[in-house]
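Residue numbers count from 1 along this sequence.
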Amino acid sequence: MDQTAMKLFANELCSDLQFSPDTANKFEAAINDLAWFLGIKGQRPEKDYNEGPDNLWALPNNVFLVIECKNGVAVGGGISKKDAGQLGQSVEWFNGFSA
């Protein structure tokens with residue numbers, strides 16, 4: 001990828017990483033693209049397999065990052081019990097594979 005294409009990609013990526021309601025698919029795709037941009041292997045288990053977290057990154061040394069994107073959540077309310085529960089379920093899903 002040349003410099004111009006990389007700059008356009010980075011600009012679009014930053015635009016897609018905006019916290020805004022009703023943009024979940026675009027945001028989650030951007031998180032996956034960010035993994036690639038950083039040289040990390042990423043995937044979207046919920047979209048690809050209809051289960052698991054929104055995003056999953058494989059970091060070096062067999063470390064994984066389970067990501068639940070909540071880009072439509074309003075500021076000030078803190079993390080809801082429902083959202084924390086969803087992250088817990090995604091971690092359990094992942095642990096089922098890594099056990």
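The backbone N or O of Phe27 sits nowhere less than 3.5 Å from a side-chain atom of Asp16 that would complete a donor-acceptor pair. Of the possible polar contacts, none joining the Asn61 side chain to the Val63 backbone as a donor-acceptor pair under 3.5 Å is found.
Shown here is Glu51, whose CD atom has more than 12 heavy atoms of other residues, nucleotides or ligands within 6.0 Å. Residue Asp48 qualifies as enclosed at atom CG: its count of foreign heavy atoms under 6.0 Å is above 12. Remark: Asp22 CG is loosely packed, at most 12 non-hydrogen atoms of other residues, nucleotides or ligands lying under 6.0 Å away. In the displayed structure, Asn50 atom CG is contacted under 6.0 Å by at most 12 heavy atoms of other residues, nucleotides or ligands.
Judged by distance alone, the side chains of Asn71 and Ser20 never bring a donor and an acceptor atom under 3.5 Å apart. Remark: the Lys70 side chain and the Gln86 side chain contain an N/O donor-acceptor pair separated by less than 3.5 Å.
Hydrophobic clustering of Ile, Leu, Val, Met, Phe, Trp and Tyr side chains at less than 4.5 Å, counting indirect connections, keeps Leu8 apart from Leu13. Connection of Ile31 to Tyr49 is not established within any shared hydrophobic cluster, with ILVMFWY side chains joined at heavy-atom distances below 4.5 Å, either directly or through further cluster members. Under the 4.5 Å side-chain heavy-atom criterion for grouping Ile, Leu, Val, Met, Phe, Trp and Tyr, Leu65 is connected to Leu38 within one hydrophobic cluster.
Taking the six-membered ring where tryptophan is involved, the planes of Trp36 and Phe9 are perpendicular, since the angle between them exceeds 60° and thus also 30°.
Residues Glu28 and Asn55 form a side-chain contact, since some pair of their non-hydrogen atoms from C-beta on lies under 4.5 Å apart. Phe64 has its side chain out of reach of Trp57: every pair of non-hydrogen atoms, C-beta onward, lies at least 4.5 Å apart. Contact check for Trp93 versus Pro45: side-chain heavy atoms found under the 4.5 Å cut-off. Pro53 is not listed as a side-chain neighbour of Ile67, based on a closest heavy-atom distance of 4.5 Å or more.
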